Amino acid sequence: MAQQHDLSWFEDKALSQREFIEKEMAKFTRTIMKESPETSPQEVEANVEDDDRDVVICVRARPVLPAELERGIFPAILTTDGGVTTEAKVYVHSLEYKLNGLPKVTTKDFGVDYAFDETASNDQVYNKTAKKLIPIALGGGVGSLFASGQTGSGKTHTMTAIENLIARDLFQSAQEYRQNQNGIPADQVSDSADFEFRVCFFEILGNKCYDLLEYPNEVTIMEDVLGQIQVNGVHEEQVHNPDQLMKIIARGAEHRKTAATYKNDTSSRSHAVCRIRIKNLRQLEAEEGLLYLLDLAGSESAADSKHHDKERAKEKLDINKSLATLKDCIRNRALAVLSTKHVHVPYRNSRLTLLLKTAFELSSTRACRTVVIATLNPSVLDTGHSLNTLRYISPLKVEIPVTSESTSPEDPTSWSNTKLKEWVNEHSEVINAEILCPTESGKQLLKLPESTFIDRCVKCGPTVTPKIAKAFYNKFWRLVVDARTKIRQDKDLAILRNIAERRRDGQEHLKSVQNDPEAKKRMEKERERHQEWLKRMVDEDPEKLAQWVESQRIAAEIEATAGDGMSPEEYSLWLETNKEVAEYRQARLKEIDEWIDKALEGRDDISVGGRAIFAALRSMK
């Protein structure tokens, strides 16, 4: 049984204010309905079809359970569907108290891609989310589905239902995929559609992993010398029909670690991972498709975990740490697709994200799509945790800009169909552009699954082997990587030129100050003030001051041997070959800027010449 405790003072007050809260919620709902434009089912569906996101964020609120209704608990969450011009939203109503003791209802809203209320069925959730991952995996891409949320919010219930629906549709989708791809009748497609499906099921507890099909065998997730992620020791089974896949999922779920907590009798204490590898037997040169189904461990607030023992507390720490890393990886991967700036994806910070390196790696040429389903407990007593869940997933929703950053003419994402065909005809004598890209633009061709790209190339003639098609695919994708790298390098070069100009200006100004007696006196005064500032720092924060002084000394020694006499282009090359030094330089410049701003803050008595002294400190030893 879940741990039972008396209602807190706040919970008792919230339930006693039910009439007031529901009245305020009804008033808010009427306002929202008046302001929101009506959207037809066709508009909602159009919004789905036009979606061009690599990350899709969904929210599902479960119904209030009978046991909760008996306690007088009522829902405090509202969801609205999105249309062509509007986004789906989730509204959370929470009870607060003014200073005079009177209650008030505060409403916070969060934009998501899809929002499902308590009336939505598992099929509805599946059709708009996980079903779209199957074609990506069949095409050699990576599809990932995450279920996240508070323990007891219906997360595992939703994930189990979706896993069974995927098992039901996977083989039928494979046949439809093969039929559409080759343009052949359904009766000519084999039962397996010439795909090979292999499944494994394991759980991740902190840095340890256990096989759920051969429990409790321990498995390890590691990166080999070729940069490929291997799950060593895991038991993998080949499946030939939906029944086999559903039985494997059910068998693995029986061994998953659970424990009774304040909110849930069977709270999931581990991340459960079901991995389906899909091999295209007709195109052995193509990458294997991957479908990851991840039921994440239930998150908990401090209030939920205050009665935990030492083991439960450690589990909570590991869970929250891995969830934070996962959020950073998903968001940064989505940002990297839309930006030419460098974006770091910290997938090596946890076992869970290391496993998903293929989906997060920026240099990957495979189609990737991630769906996150956050489940909410609608109870008025859990609005705090619902807000935390929504704050966790809302940064993952990355808006697609209307106008992107300036792209290079060599970047295929900016090519029209005419430009794309010209490039294909120029760089290959055996591949027919009319077969490879009859109507697609450069961006549309990049979104084709690898196996489809190779199939089209092979159809161009008997001289085009899968190996030649694979090489041409890699050549096409290399253009994208090179174009984006060129844009980043141009921006870095512009920054370096600006730095070089500032250094020259600072040195010239310092020489002019040294030749001016009055300026020398002002310099001496500024030095005295600087010494006073250092003394104050010794008393206020000596540790920070010591770190700053040490960074100044080391960075000055490094910079003394770099950049002098170099052109901006030479200096850029030097930085590329000395990445550690470059990183230290950037950190030092940031620290100096912060220090100068703090030193000059509110100091109107410092002359122009004196302020130049602070600028000259950039090159001091």
Side-chain angles (χ1 to χ4, degrees), residues 1-33 36 58-81 88-112 115-120 147-158 260-265 267 298-307 373-394:
M1 291 294 292
Q3 302 173 31
Q4 299 295 328
H5 302 281
D6 295 333
L7 291 177
S8 68
W9 174 87
F10 183 80
E11 292 173 341
D12 186 48
K13 291 285 288 184
L15 296 181
S16 66
Q17 296 289 341
R18 175 170 185 168
E19 183 178 352
F20 169 76
I21 296 174
E22 290 184 335
K23 182 179 178 181
E24 293 296 311
M25 287 169 52
K27 186 189 303 181
F28 177 84
T29 303
R30 288 194 297 270
T31 304
I32 289 297
M33 294 306 175
S36 302
C58 316
V59 168
R60 186 186 193 187
R62 70 161 172 81
V64 179
L65 303 178
E68 294 172 332
L69 292 173
E70 291 179 2
R71 294 171 56 196
I73 293 175
F74 55 96
I77 290 178
L78 171 68
T79 62
T80 60
D81 292 328
K89 283 201 171 185
V90 182
Y91 300 92
V92 180
H93 307 282
S94 55
L95 179 66
E96 297 179 1
Y97 285 90
K98 301 178 183 179
L99 294 176
N100 58 10
L102 296 177
K104 68 173 182 176
V105 174
T106 302
T107 302
K108 293 182 174 62
D109 63 276
F110 299 85
V112 295
F116 304 97
D117 61 18
E118 68 280 0
T119 64
S148 174
Q150 173 190 8
T151 181
S153 61
K155 175 175 50 63
T156 300
H157 167 81
T158 299
T261 65
Y262 177 70
K263 291 289 184 182
N264 191 2
D265 286 335
S267 174
S299 60
E300 294 181 321
S301 65
D304 295 340
S305 58
K306 61 185 177 182
H307 301 286
I373 301 178
T375 54
L376 301 178
N377 183 340
S379 167
V380 68
L381 303 183
D382 283 283
T383 54
H385 210 304
S386 296
L387 289 171
N388 287 339
T389 299
L390 292 167
R391 290 186 185 113
Y392 174 83
I393 66 161
S394 59

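Residue numbers start at 1 and run along the sequence shown. As the structure is a computational prediction, the values presented were derived from the model and not from experiment.
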Who pairs with Glu22 by salt bridge (Lys or Arg N to Asp or Glu O under 4.0 Å), at least two apart in sequence or on another chain?
Arg18
Could I get the full list of side-chain contact (heavy atoms from CB on, under 4.5 Å) partners for [X], not counting sequence neighbours?
X      : answer
Lys108 : Glu96, Thr106, Phe110, Leu387, Arg391
Glu24  : Phe20, Lys27, Val105
Ala147 : Lys155, Met159, Asp295

Please walk me through it: do Leu95 and Val380 pass side chain to side chain contact (heavy atoms under 4.5 Å, CB included)?
CA-CA 8 Å; Leu95 179 66; Val380 68; 5.5 Å; no
Can you name the residues that form a side-chain hydrogen bond (donor to acceptor under 3.5 Å, both in side chains) with Ser379, not counting sequence neighbours?
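For Ser379, no residue satisfies side-chain hydrogen bond (donor to acceptor under 3.5 Å, both in side chains) once neighbours in sequence are set aside.
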List for me each residue that meets side-chain hydrogen bond (donor to acceptor under 3.5 Å, both in side chains) alongside Ser16, sequence neighbours excluded, and say none if there are none.
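side-chain hydrogen bond (donor to acceptor under 3.5 Å, both in side chains) check on Ser16 returns nothing, list empty.
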For a quick test of reading the model, state the closest non-hydrogen atom pair linking [X] to [Y] and the distance between them.
X      : Y      : result
Thr389 : Gly149 : CG2-CA, 4.3 Å
Lys89  : Asp109 : NZ-OD2, 3.2 Å
Ala115 : Ala88  : N-CB, 3.8 Å

Supply the atom-to-atom distance [X] [atom1] to [Y] [atom2], rounded to the nearest 0.5 angstrom.
X      : Y      : atom1 : atom2 : value
Glu19  : Phe74  : CD    : CZ    : 11.0 Å
Ile393 : Asn388 : CD1   : CG    : 12.0 Å
Ile21  : His93  : CD1   : NE2   : 10.5 Å

Hey, are the side chains of Thr80 and Tyr91 touching, using non-hydrogen atoms and a 4.5 Å cut-off?
yes
Less than 4.5 Å apart, any side-chain heavy atom of Leu376 and any of Val90?
yes
Please list, one pair per line, the donor and acceptor atoms closer than 3.5 Å that link side chains of residues 58-69 to other protein atoms, with sequence neighbours excluded.
{"from": "Arg60", "atom 1": "NH1", "to": "Asn122", "atom 2": "OD1", "distance (Å)": "2.8"}
{"from": "Arg60", "atom 1": "NH1", "to": "Thr158", "atom 2": "OG1", "distance (Å)": "3.0"}
{"from": "Arg60", "atom 1": "NH2", "to": "Ala120", "atom 2": "O", "distance (Å)": "3.1"}
{"from": "Arg60", "atom 1": "NH2", "to": "Asn122", "atom 2": "OD1", "distance (Å)": "3.1"}
{"from": "Arg62", "atom 1": "NE", "to": "Gly152", "atom 2": "O", "distance (Å)": "3.0"}
{"from": "Arg62", "atom 1": "NH1", "to": "Glu68", "atom 2": "OE1", "distance (Å)": "3.2"}
{"from": "Arg62", "atom 1": "NH2", "to": "Glu68", "atom 2": "OE2", "distance (Å)": "2.9"}
{"from": "Arg62", "atom 1": "NH2", "to": "Gly152", "atom 2": "O", "distance (Å)": "3.3"}
{"from": "Arg62", "atom 1": "NH2", "to": "Asn377", "atom 2": "OD1", "distance (Å)": "3.3"}
{"from": "Glu68", "atom 1": "OE1", "to": "Leu65", "atom 2": "N", "distance (Å)": "2.9"}

